[in-house]
Trainee: 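Below: one structure in structure tokens.
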Amino acid sequence: MVRISPPSRGTRRAAAGLSLLCALGMFALGGCASQKATMEAPQLPAKHWLEEAPGIPVDKKEKVSAAVPNLYQPGKVFGFDDCIYLAVQQSPLLVNSAVNLEIKKLALTNAVWKYLPEPHMTIIVSNNLTRYNEDNKDTPDDYGHTKFRIGFYAPFPNPIQTFFEHQAQKLMVNVAISTHRKAVGEAIAQIADLYLRMYAKQLIYKEQKAMIPLMQEIASYWKQVESVDGRQGVAVNVAQQNIRDAELKAEKTAMEEVMLRTKLKILAGIDPKQTLEIEARDVLNIVQSFDGRNLRWEDRWNMTEDNLLLRAQVKLRDFNIMVAWAAYVPHMTISMNHNPPAGQYQPASGDEDTFVHLNIDFPLIDWGRRYRGVQTARMVKAQAFHEQARKRDDYSNSWLQAEQNVSLAETQKKLAWNSLKVAELKREEADISYREGLVEFPVLADARQAEANARIAAINAQMELELAKLQWMQLASVLQERYLGVPTIEGISNEKK
């Protein structure tokens with residue numbers, strides 16, 4: 001019969017104190033959790049992610065440092081650069097990718113700490129449910145009393161799995177950086193698009209406002225004619241309706257410009273009710289200086305964030321294959337407790353010994369589960385390769401379409417400007433004929449109105465050309481590189497041809 005010696009008085013006091021500390025600790029943790037649960041979620045502070053996030057270089061840090069403190073000055077007129085810095089500073093569209101970057105950094109820290117074994121402490125509190133041996137002469141004095149047993153164990157991490165998970169988390173941080181860069185690049189392109197459209201609306205509004213006095217002159221002309229001829233006023237009514245039509249067109253253009261400005265405010269994280277003065281022309285020089293025909297799509301594909309993300313996915317699949325192979329490594333755990341192995345039991349009157357155990361656990365037959373895991377990881381990597389090739393073909397096709405869109409927009413611009421020149425010549429001819437008394441004023445007014453409409457069409461054609469160039473710039477990642485620099489990802493070299 002195996003006897004367990006009763007713990008000493010000091011051991012019992014230590015165990016009791018330890019149990020009290022554990023209870024107090026659990027109570028304190030519960031109180032902290034309850035207190036945190038009642039707190040409001042913290043708001044993200046205004047943060048310049050471009051400058052603080054590693055791996056996202058800023059080419060002109062001095063310009064950024066000078067621009068950021070002045071963004072909130074009253075009466076400030078925002079140029080294109082200023083609006084970009086403002087959007088990066090506080091745009092709600094960039095919060096998700098920026099917070100995801102911070103999450104990946106924390107995951108990387110967790111991966112580093114996984115190299116170390118995690119010590120555990122076990123506390124076993126036991127007592128008899130039945131006391132059949134209470135009258136036995138060999139029963140110890142503490143029979144039927146509550147007993148505490150304390151033990152420790154630490155499972156060893158799988159070295160292969162831990163190493164490649166660490167490498168994968170390092171790569172995931174760089175992927176998060178690249179994802180944030182892509183989000184910032186899309187925001188920059190959206191801001192440029194709004195600036196171009198707003199500038200075109202401002203020019204069109206001026207032309208439409210200039211047509212209202214002309215419509216009023218026509219109405220005055222027909223009033224004089226009808227007052228002399230004694231007509232019924234049909235021409236006057238038509239002229240007045242034309243005045244109202246011109247006013248409504250100008251109001252419509254002004255409202256469209258206000259809607260674009262509101263969209264810009266929302267994108268930049270500004271209250272839509274707040275005034276935002278911008279210099280819409282500021283983006284023209286950047287877009288007009290771009291010539292995509294001087295670039296090769298193969299070179300630009302290697303520098304895009306999409307390509308870097310796809311290559312990172314392939315490398316991650318390599319890590320997943322090694323993690324699948326790591327499943328063959330047996331589990332090892334070291335533990336320390338009072339459980340004696342066979343052949344080392346203590347006598348009933350002896351003192352309890354402490355033992356160290358090294359447990360190695362591996363299956364004899366896993367029915368092919370680990371092998372299937374490796375094969376699955378290999379097939380997933382093959383999928384990543386095919387996805388990269390497909391995206392490369394899509395990029396090539398998108399590049400060709402962007403070039404064709406620019407060519408078409410250039411042709412449409414030439415047609416619009418040619419039509420404007422014809423309208424200007426006809427207006428000049430009408431001016432000469434009117435001064436010489438060969439035509440009446442309505443003919444001159446029609447020529448002036450046709451010239452104004454042709455100028456508005458030319459403005460729209462110019463805007464479509466700039467928007468087509470902007471789309472090409474975004475595809476080539478040229479616009480975002482102007483502010484973010486050349487993208488790099490650790491472990492993935494940028495191949496330049």
Side-chain angles (χ1 to χ4, degrees), residues 1-39 106-163 165-166 326-366:
M1 177 177 178
V2 179
R3 295 186 178 181
I4 302 177
S5 61
S8 63
R9 182 175 301 175
T11 304
R12 289 196 297 269
R13 288 179 179 177
L18 183 60
S19 62
L20 179 61
L21 288 176
C22 292
L24 291 175
M26 293 175 64
F27 177 77
L29 289 176
C32 293
S34 300
Q35 185 178 3
K36 289 184 178 180
T38 58
M39 295 173 61
L106 294 176
L108 176 60
T109 303
N110 287 336
V112 173
W113 283 101
K114 285 183 179 180
Y115 282 106
L116 301 178
E118 184 177 280
H120 293 256
M121 180 177 68
T122 59
I123 302 176
I124 302 176
V125 182
S126 58
N127 203 341
N128 299 52
L129 290 178
T130 61
R131 299 181 181 180
Y132 299 133
N133 302 310
E134 188 172 8
D135 297 331
N136 193 305
K137 62 179 181 179
D138 293 330
T139 301
D141 296 336
D142 59 349
Y143 180 81
H145 296 177
T146 302
K147 296 182 180 180
F148 299 89
R149 298 179 69 87
I150 300 176
F152 301 90
Y153 74 96
F156 286 96
N158 188 320
I160 299 177
Q161 180 178 357
T162 303
F163 174 77
E165 285 183 353
H166 179 210
Y328 284 95
V329 177
H331 299 286
M332 291 182 292
T333 304
I334 186 171
S335 59
M336 182 176 64
N337 51 42
H338 299 288
N339 299 327
Q344 299 191 30
Y345 294 100
Q346 298 91 357
S349 60
D351 294 330
E352 195 173 31
D353 292 325
T354 302
F355 298 89
V356 176
H357 309 273
L358 177 62
N359 301 324
I360 302 176
D361 179 14
F362 55 90
L364 296 178
I365 301 176
D366 66 350

Trainee: Considering residues at least two apart in sequence or located in another chain, which fulfil the side chain to side chain donor-acceptor pair (under 3.5 Å) criterion with His357?
Mentor: Asn337
Trainee: Report the residues that fulfil side chain to side chain donor-acceptor pair (under 3.5 Å) with Tyr143, sequence neighbours left out, ordered by chain and then residue number.
Mentor: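 Tyr143: no side chain to side chain donor-acceptor pair (under 3.5 Å) contacts found.
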Trainee: Quick one: do Phe163 and Tyr115 satisfy side chain to side chain contact (heavy atoms under 4.5 Å, CB included)? Show the steps, please.
Mentor: CA-CA 8 Å; Phe163 174 77; Tyr115 282 106; 3.6 Å; yes
Trainee: Which of these, Asp361, Ile360, Asn359, sits in a side-chain contact (heavy atoms from CB on, under 4.5 Å) with Pro330?
Mentor: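 Checked Asp361, Ile360, Asn359 against Pro330; only one passes side-chain contact (heavy atoms from CB on, under 4.5 Å): Ile360.
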Trainee: Take Phe156 and Ile334, measure what side chain to side chain contact (heavy atoms under 4.5 Å, CB included) needs, and give me the verdict at the end.
Mentor: CA-CA 8 Å; Phe156 286 96; Ile334 186 171; 3.6 Å; yes
Trainee: Quick check: do Pro155 and His120 have side-chain heavy atoms less than 4.5 Å from each other?
Mentor: yes
Trainee: For the atom pair NE2 (His166) and CG (Asn110), what is the distance rounded to the nearest 0.5 Å?
Mentor: 11.0 Å
Trainee: Phe152: which residues meet the ring pair (Phe, Tyr, Trp, His ring centres under 6.0 Å) condition with it, sequence neighbours left out?
Mentor: none
Trainee: Quick one: salt bridge (charged side-chain N to carboxylate O under 4.0 Å, His left out) partners of Asp353, sequence neighbours excluded?
Mentor: none
Trainee: Could you state the interatomic distance from OG1 (Thr162) to CH2 (Trp113), rounded to the nearest 0.5 Å?
Mentor: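 Those atoms lie 14.5 Å apart.
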Trainee: Which side chain to side chain donor-acceptor pair (under 3.5 Å) pairs, counting each pair once, include a residue from residues 121-132, with sequence neighbours left out?
Mentor: Asn127-Thr146
Trainee: Identify, with sequence neighbours excluded, every residue that meets side-chain contact (heavy atoms from CB on, under 4.5 Å) alongside Glu165.
Mentor: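 Checked Glu165 against side-chain contact (heavy atoms from CB on, under 4.5 Å); matches are Lys114, Gln161, Val323.
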Trainee: Starting at NE2 of His331, measure out to CG of Asn158 and round the result to the nearest 0.5 Å.
Mentor: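 If I round to the nearest 0.5 Å, the distance is 7.5 Å.
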Trainee: Could you go through Val125 and Arg149, starting from their C-alpha distance and side-chain angles, then the distance that decides it, and tell me whether this counts as side chain to side chain contact (heavy atoms under 4.5 Å, CB included)?
Mentor: CA-CA 7 Å; Val125 182; Arg149 298 179 69 87; over 6 Å; no
Trainee: Please examine the side chains of Pro157 and Pro117, heavy atoms only from C-beta on, and report whether any two atoms are closer than 4.5 Å.
Mentor: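 Yes, at least one pair of side-chain atoms sits under 4.5 Å.
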